[in-house]
Amino acid sequence: MALILGHDPMAGGAGGAGAAGAGGAGAGAGGGRSRPPPGSIQVTPEEMASIDRLVQLGFPKARAAEAFFACDKNEEMAANFLFENGMEDEDQ
């Protein structure tokens, strides 16, 4: 399964380093698999391929994934949604 990291506004600039450090400490202490960082989702290779195709259309990965799942994993509907609504808040 692939992992998509979403935007976590609470993480600030140090979110990546903190997540990596926490994952390493958790895996060592628990001895098992670590959980994905907050704000992330796991997808199948087929779902990731669909999301990647939406990204190739020019949309950010997080927006593409959001649209893909909001459209019940229908890639064509997600593309239509993104073209109709996806660029509205790109300035923010």
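Keep in mind that what you see is a predicted model, and the values were worked out from it rather than measured.
To the nearest 0.5 Å, atom CZ of residue F81 and atom CG of residue N74 are 13.0 Å apart.
Not counting sequence neighbours, the partners of E46 by the side-chain contact (heavy atoms from CB on, under 4.5 Å) test are T44. In this view, E75 and S50, R53 satisfy the side-chain hydrogen bond (donor to acceptor under 3.5 Å, both in side chains) rule, not counting sequence neighbours.
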| task | Give the C-alpha distance, both sets of side-chain angles, the deciding distance and a yes or no for side-chain contact (heavy atoms from CB on, under 4.5 Å) between K61 and D52. | result | CA-CA 7 Å; K61 184 177 271 191; D52 284 340; 4.0 Å; yes
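Between F59 and L54, the shortest heavy-atom contact is CD1-O, 3.5 Å.
By the 4.5 Å heavy-atom criterion applied to side chains, L57 and F83 are counted as neighbours. Contact annotation: the side chain of F69 approaches that of I51 to within less than 4.5 Å [non-hydrogen atoms, C-beta and beyond].
Within the structure, salt bridge (Lys or Arg N to Asp or Glu O under 4.0 Å) contacts touching residues 64-73 (residues at least two apart or in different chains) are E47-K73.
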